Amino acid sequence: SQQGEEDPQALSIQEGENATMNCSYKTSINNLQWYRQNSGRGLVHLILIRSNEREKHSGRLRVTLDTSKKSSSLLITASRAADTASYFCASDSNYQLIWGAGTKLIIKP
Amino acid sequence: KAGVTQTPRYLIKTRGQQVTLSCSPISGHRSVSWYQQTPGQGLQFLFEYFSETQRNKGNFPGRFSGRQFSNSRSEMNVSTLELGDSALYLCASSWGILAGVNEQFFGPGTRLTVL
């Protein structure tokens, strides 16, 4: 399988807490992207970080990229019930996205 | 601006049949990509079209094919369906003009069930 790896597979936290998800990939990349998928809104792009960037912020999201370790992390701060979803990393390798298996995030009220 | 639309949303076919799925991208987007999502294999890239040309292809058998029209609308065809082709097929559009894979805007998907 070409899949990247994500951990944890599942994460359950209280509303207001921070959530961190990790992603590893196998080959050199142009960029790495994070997506969210839930039944209501489908698959939605969250953030893109290029291979020459180390950190990027978007609202409550912070993404880091370590190309030497071929890994990335997504931090969601001050979680909300609406953040309940599956989160996927996708690495752009040879102009195609290689997807991680996803982290299922549950926010408890 | 209207989002990516896919038709049909649900489809039931039997083994050996063929199927055609349709995707209309966001207006102005010239790149359309197709993905297969299954519980076992996750999300996998099928192919990408840009300006009516297949620009990239994933690791799927030749039974999976696609095309893109001059208005950027795209179709995906699967011939000789197998049980393992049951999946959610997602279409995504993007500008497709920046280096690397651009931000993808996904449609709601077509849920294909092969009996």
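Proteins come first, then strands; the chains are lettered A, B, ... in the order of their sequence lines, and each starts at number 1. Predicted model only: the values in this text are computed from it and were never measured. These numbers come from the heavy atoms of this one structure, side chains and all, not from hydrogens, waters or symmetry mates.
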Looking only at heavy atoms, what is the nearest atom pair of A:Q33 and B:Q104, with distance?
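Residues A:Q33 and B:Q104, closest heavy atoms: OE1-N, 4.2 Å.
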For the student: nearest non-hydrogen atoms of A:N94 and B:N56, plus distance:
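Heavy atoms of A:N94 and B:N56 come nearest at O-ND2, 3.0 Å.
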When you look at [atom1] of [X], are more than 12 heavy atoms from neighbouring residues, nucleotides or ligands closer to it than 6.0 Å?
| X | atom1 | result |
| --- | --- | --- |
| A:R60 | CZ | yes |
| A:R80 | CZ | no |
| A:K104 | NZ | no |
| A:Q9 | CD | no |

For the [atom1] atom of [X] and the [atom2] atom of [Y], what is their distance to the nearest 0.5 Å?
| X | Y | atom1 | atom2 | value |
| --- | --- | --- | --- | --- |
| A:Q37 | B:F106 | CD | CZ | 8.5 Å |
| B:N102 | A:N30 | CG | CG | 10.5 Å |
| A:Q96 | B:Q44 | CD | CD | 10.5 Å |

Answer yes if the ring centres of A:W99 and B:F45 are under 6.0 angstrom apart, and no otherwise.
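Distance test on ring centres: not under 6.0 Å, no.
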Please check if A:I47 and A:Y35 belong to a single hydrophobic cluster, counting links between Ile, Leu, Val, Met, Phe, Trp and Tyr side chain heavy atoms closer than 4.5 Å.
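No.
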Do the side chains of B:L21 and B:L90 join up, straight or via other hydrophobic residues, at under 4.5 Å, putting them in one cluster?
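No.
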Kindly indicate whether the side chain of B:Y35, heavy atoms from C-beta on, has any atom under 4.5 Å from the side chain of A:L97.
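Answer yes - side chains close enough.
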